[in-house]
Amino acid sequence: MKTIKTEILGADVAGYDRAAAILAAGGLVSFPTETVYGLGADARDDQAVARIYAAKGRPSFNPLIVHLSATDAVAEYVDMTPQARKLADAFWPGALTLVLPIKADAKVSKLVTAGLQSLAVRVPDHPVAAQVLSSFGGPIAAPSANPSGRISPTTAAHVRAGLDGRIDGIVDGGACGVGVESTIVSCVGAPTLLRAGGIPVDAIEACLGTALLRDEDPAAPAAPGQLASHYAPTGQVRLNAPYAEAHETYLGFGAGDAALNLSPSGDLIEAAANLFAMLHELDALGAKHIAVGPIPNHDLGQAINDRLRRAAAPRD
Ligand code: AMP
Ligand code: MG
C-alpha cells in the first residue's frame, strides 16, 4: 500500500475544518470518541469506506458503526422503534450503539452494512467527535483506529503508531475516557445484546423494563451478527472462474467481458467498494448461477475473497 502523509490536527476550529475537508474528499481521519479513537470515513462514499478496510488490513468485511451528531440525524437513516427511542433518550450521546432497520432510501454505502438491511448507529459523547461530526455535517463510519488484530487505541500516539502513512489525518484530542468499546444492542425484533461495552447491561435493562436477549439465545431474532456472515446472493456462486459457462452470469475483475465487473482496471479498492452493491444487483438480475473471476488474494483482495467464499459456501 502506498504511503501517504498523515496530518496531525489540533482539537480546534482549524483542525475540525481540515478533518471535515479530508472526509468530504473521501479521505480517512481518526478522531477520539469517549470509547476509543475511531477511524472515520464518509459513510455514503463506497471508496472511502473501502479505504478503512485497506488501512486496517482487515481480512473480512464486518459491518461498521455509523456515527451521527444527534438523534434527529440518526432518524433520517433508520427506523427509531419505540424501544430504540427510549434507549436513545436515556443514553445518547454515549457509549451505546443501536442496530436498527435501515430506511429504504438511506444513503449509506452497502459496504458499511455489509449488504444487510440493518444499520448500527451511535451518537458519541465526546466534544471532539461532536465537533468533527458537526463540521462535516454527514454520517461517519468508524471502527476502532487500529490495524486489524491489534488493541484499540485510546491516544493519538497509539493511532499514529499503528496507522501512520496509511490514513490522511488524526485529530489529537487527548486520551479517551472510557477506553472500552460501545455496548451494542439490536432493536431489530426483541432487544438483543450483541456486545457488552461502555454502558452497563443492567442500566439498559432497567431503562427498557425488560431483560435483553443474548445473541446466542435460541429465542433471539435472527442475530444480525450471524446474518452478516451469511449474507449472500440468491444464486449459486462459483469462484475463481476464468470465464462463465453459458448458463452463468459473470462477475468479473479486471479486463474482459462480464455482465458486471468489480473493477475493470483491476483496482482492489474499487472492487471492494462495488462488492455488496453488485451482489445485490445479481439478485435484481435474477441470476441463478453466478461465476466470479479470480481476485488476487492480497490487500483488500483477502476481505473480498473471504466474503465471496461465504457467499459460495453450501447453504442450509
Ligand atoms: P467495530 O468495527 O470494532 O466498531 O465493531 C463494530 C461492531 O458492530 C461489530 O461487532 C459488528 O458486527 C457490529 N455491527 C455493525 N453493524 C451491524 C449490523 N448492521 N448488525 C449487527 N451488528 C453490527
Ligand atoms: Mg475494533
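Numbering of ligands and ligand atoms starts at 1, following listing order.
- At least one heavy atom of R58 sits less than 4.0 Å from an atom of ligand 1.
- Of the candidates P63, S182, S186, A114, the one placing a heavy atom closest to atom 11 (C) of ligand 1 is P63.
- Side-chain polar atoms of S60 and R310 form no donor-acceptor pair below 3.5 angstrom.
- The distance from the Mg ion (ligand 2) to the nearest N/O/S atom of S144 is under 2.8 Å.
- The hydrophobic clustering, which links ILVMFWY residues whose side-chain heavy atoms are closer than 4.5 Å, places I269 and L23 apart.
- Residue P143 has at least one heavy-atom neighbour below 4.0 Å for each of these atoms of ligand 1: 2 (O), 4 (O).
- No hydrogens or angles considered: nothing links the side chains of S265 and D267 as a donor-acceptor pair under 3.5 Å.
- In this structure, T113 has no heavy atom closer than 4.0 Å to ligand 1.
- Of all atoms in ligand 1, numbered sequentially from 1 with element shown, those under 4.0 Å from a heavy atom of E181 are 3 (O).
- By the 4.5 Å heavy-atom criterion applied to side chains, W92 and L87 are not counted as neighbours.
- At least one heavy atom of I184 lies less than 4.0 angstrom from ligand 1.
- When the heavy-atom distances from atom 18 (C) of ligand 1 to A142, S118, S144, G115 are ranked, the shortest goes to S118.
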Run the salt bridge (charged side-chain N to carboxylate O under 4.0 Å, His left out) test on K103 and D105 for me, step by step, so that the C-alpha distance in whole Å, both residues' side-chain angles and the decisive distance to 0.1 Å come before the verdict. CA-CA 5 Å; K103 288 195 162 156; D105 60 351; over 6 Å; no
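- Residue V99 touches ligand 1 through its side chain alone, judged by heavy-atom distances below 4.0 Å.
- Only one option out of T192, V201, T183 pairs with L212 in a side chain to side chain contact (heavy atoms under 4.5 Å, CB included); it is V201.
- For the residue pair S182 and R195, a side-chain donor N or O sits within less than 3.5 Å of a side-chain acceptor on the partner.
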